[in-house]
Amino acid sequence: MNIFEKAIYDLTADILKTEYKYDVKNSLELSSLIEYPPSPDLGDYALPCFSFSKTLHLSPDVIASELESKLQKHLLNKSPFTNIKARGPYLNFTVSSSSFAEEILPDIFNGNYFKRPSNIKRERVMIEFSQPNTHKGFHVGHLRNVALGDSLCRIFLYNGYDVIGANYIGDIGSHIAKCLWYLKKHNTQDPPENHRGEWLGEMYTNAVSKLEASNGQEKINFKAELSQLLREIDEKDHEIYQDWETTREWSMEDFREIYEWLDVKFDHFFYESEVDEEGRKIVIEGEKNGIFKKSEGAIGVDLDEEGLGFFMLLKSDGNTLYSTKDLALARKKFDKFEVERSIYVVGSEQTLHFKQVFATLKRMGYKQAEKCFHLPYALVVLPEGKMSSRQGNVILFSQLRKEIVESIQSIHLAEHRKNWSSKELEETSQKIAVAAIKYGMLNQDSNKNIVFSMDEWLVSEGDTGTYLVYAYVRIRSIGRKIPLKVSPDVDYSLLSHPNEKKLLRQMLDFNKTVFNAAELFRPSLLARMLYEFSKDFSRTYNTCSVMHAETEKLKASRLLLFHCVAETLQQGLNLLGISPPERM
RNA sequence: GCGGGUGUAGCUCAACUGGAUAGAGCAUCAGACUUCGGAUCUGAGGGCUGAGGGUUCGAAUCCUUCCACCCGCGCCA
């Protein structure tokens with residue numbers, strides 16, 4: 001609740017109590033009612049009066065208009081409100097833009113505003129995301145997960161949480177056996193110099209088609225070979241183990257380079273290979289203790305009570321499953337990292353799986369299981385359907401990066417080629433490309449598929465990441481052109497244009513938006529707010545010039561305003577994982 | 001079959017979780033500025049919110065019955 005909402009609460013709660021004998025139980029009751037009128041012409045805050053109607057035996061319209069007349073006297077002496085007006089069942093409050101400005105601009109100018117939320121110490125939360133498989137290509141679908149997880153880490157951190165960003169590399173399992181099997185027995189190519197992880201992805205796809213094309217005795221032989229290969233990797237003392245280590249590192253090299261380009265960092269890397277053995281022990285022990293049971297040669301847990309069916313934990317050939325390793329991983333998170341809250345950013349097709357994992361952990365006696373949360377997100381699909389590494393019909397990350405960087409450099413940065421160093425050209429195109437990619441992944445709600453079309457991702461107009469960083473660059477450009485020093489010592493009452501007021505209002509709500517983005521696991525809320533904010537800036541840019549301001553005083557006020565807009569935009573973009581360039 | 005998700009303008013998406021006239025971008029058409037950076041701004045047209053029923057002061061939002069598409073449902077991850 002900001003000071004304006006607080007003022008509305010104080011005024012109305014008092015009148016409701018003294019004049020209507022309506023006892024407002026707590027501040028939440030009123031403050032959660034306070035909302036925004038659909039148009040700024042109506043006011044800045046609104047109190048809907050429906051809920052008082054029943055107890056007061058009056059129509060909401062009457063209540064609103066009675067409150068209006070009773071509150072008029074508060075418009076005088078030092079009130080932040082310039083107007084209190086009933087309209088139908090709503091009581092609308094208008095705040096002067098100078099009150100907004102005085103409240104928010106000094107705080108942003110000195111940097112305190114962005115530190116305030118993180119002063120509150122909250123619990124330790126681990127956010128697990130990305131989880132790429134080695135020996136497979138990194139495609140645009142993986143990018144959505146990375147953008148989402150990374151942004152959530154930043155947003156949680158901003159809000160004061162003790163955040164551990166974790167990756168969980170899928171470096172073991174049957175897909176790897178297939179890849180290595182093909183590499184050993186069928187491949188004739190030499191690995192390339194660069195992007196060898198990506199090349200392994202091709203080998204994996206080849207393996208899948210080879211296996212699918214086989215039948216009869218050949219198929220049986222292939223399966224036996226795969227099973228043996230998997231066992232040999234497990235046993236660690238065969239030649240294939242060396243191959244596994246080498247090729248795994250090829251993939252990791254690719255991943256590290258991608259994360260660095262994307263400006264994504266992890267506090268910890270888990271590997272499936274490190275929890276594999278432990279998982280097996282947990283399951284076997286659980287079977288002895290009677291928590292788990294044998295069924296058709298395999299081990300699992302009966303979750304019928306929870307309505308989750310039978311959950312497989314160990315294959316009948318003794319090899320581990322995804323679920324086996326998830327149990328060991330969770331235990332590690334609880335015991336070693338003392339995680340209080342555990343968030344898994346994983347595709348929505350695994351919703352049932354995680355319900356089963358969490359239920360199993362609970363059966364095993366882990367109280368933390370209640371604070372495990374699967375954050376599902378929908379797929380990135382192609383117009384013709386789902387992407388699949390198995391089939392090889394994927395848009396690789398490297399392809400998107402190449403096309404988007406080339407498009408930015410050839411269409412927009414060409415004009416700077418003579419004056420800028422190649423380093424700046426490179427860095428700027430990288431920053432714009434990252435903005436375009438991450439914003440594109442984040443501005444949409446995570447439960448909706450993204451239909452990927454390369455042409456759309458090369459667009460740099462309208463509701464795009466490019467638009468946001470362009471707005472940022474233009475503001476900073478003003479700062480460079482005006483020979484004035486930004487100062488908070490200005491006349492705030494001069495910022496009275498409706499467009500200027502909108503900007504002030506958005507800045508005032510910034511922290512609340514970031515808070516909601518964390519609590520609802522929705523960076524999209526922040527992304528949308530920043531787009532509106534940038535749009536309002538562009539409008540203000542066209543209507544409220546700094547350079548051509550009528551007076552020097554107005555010039556100084558607007559300079560401060562725009563400076564604060566830039567600071568807020570930069571903060572917000574950073575929380576989306578975007579670091580805007582200073583010029584472009 | 002059961003469970004989950006989605007369905008809103010020609011297309012891609014919003015709608016502060018039940019509130020005022022359902023909003024943006026793209027596309028289409030018409031405009032602005034001898035530009036604090038045109039990767040911009042202003043305006044116009046475009047809607048039975050998949051369909052029916054219900055709940056209440058009030059529904060895109062909640063309940064219900066259908067329809068369409070997507071994803072899960074024991075040895076993949």
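Lettering follows sequence order; numbering is per chain, from 1. Predicted model, so just to flag it, every value in this text is computed and none were measured.
When each of B:rA15, B:rA39, B:rU40 is scored by its nearest atom to the side-chain atoms of A:L525, the top-ranked nucleotide is B:rA15. Set against B:rC71, B:rA20, B:rG25, the side chain of A:E349 has B:rC71 as its closest nucleotide. Taking the side chain of A:Y467 as heavy atoms from C-beta on, and the options B:rC41, B:rA14, B:rA39, the nearest nucleotide is B:rC41. Across B:rU42, B:rA77, B:rU40, the shortest atom-to-atom separation from the side chain of A:Y322 is found for B:rA77. Checking B:rC36, B:rC75, B:rA39 against every side-chain atom of A:V546, the shortest atom distance belongs to B:rC36. Distance from the side chain of A:H412 is smallest to B:rA39 among B:rA20, B:rC13, B:rA39. Comparing B:rA39, B:rA77, B:rU12 by their closest approach to the side chain of A:I432 singles out B:rA39. Of the candidates B:rA39, B:rG72, B:rC36, the closest approach to any side-chain atom of A:S545 belongs to B:rC36. In this structure, the nucleotide among B:rA39, B:rA77, B:rC75 sitting nearest to the side chain of A:L413 is B:rA39. Proximity note for A:E272 (side chain, C-beta onward) versus B:rC36, B:rA77, B:rC41: the nearest is B:rA77.
Between A:K555 and B:rC36 there is no side-chain N or O to OP1 or OP2 distance below 4.0 Å. The phosphate of B:rA14 (OP1 or OP2) has a side-chain N or O of A:K448 nearer than 4.0 angstrom. Side-chain N/O atoms of A:N443 include none lying less than 4.0 angstrom from OP1 or OP2 on B:rA14. For A:K85, no side-chain nitrogen or oxygen approaches OP1 or OP2 of B:rA20 to under 4.0 Å.
Residue A:T351 is out of contact with every strand shown, counting any heavy-atom pair closer than 4.0 Å. The residue A:S477 sits close to a base: some heavy atom pair falls under 4.0 Å.
If you check distances only, the side chain of A:S295 does reach the base of B:rG74 with a donor-acceptor pair under 3.5 Å. Side chain A:S316 to base B:rC75: a donor-acceptor pair is found below 3.5 Å. Residue side chain A:D445 does not reach the base of B:rA15 through any donor-acceptor N/O pair under 3.5 Å, judged by distance alone.
In terms of the ring pair (Phe, Tyr, Trp, His ring centres under 6.0 Å) criterion, A:Y472 has no residue partners (sequence neighbours excluded).
By the 6.0 Å and 45° rule, A:R474 stacks over the aromatic ring of A:Y541. For the pair A:R248 and A:F255, the cation-pi test (distance below 6.0 Å, angle within 45°) is failed. Relative to the six-membered ring of A:F452, A:R144 misses at least one condition, a distance below 6.0 Å or an angle of at most 45° to the axis.
Of the listed residues (A:P132, A:S273, A:S251), just one forms a side chain to side chain contact (heavy atoms under 4.5 Å, CB included) with A:D171, and that residue is A:S273.
Here A:Y541 counts as stacked on B:rC36: its ring centre is under 5.5 angstrom from the base ring centre and the planes meet at under 30°.
Taking the six-membered ring wherever Trp is involved, the centroid distance between the rings of A:F373 and A:F521 falls below 6.0 Å.
Separating the CD atom of A:Q356 from the P atom of B:rG4 is a distance of 15 Å, rounded to the nearest angstrom.
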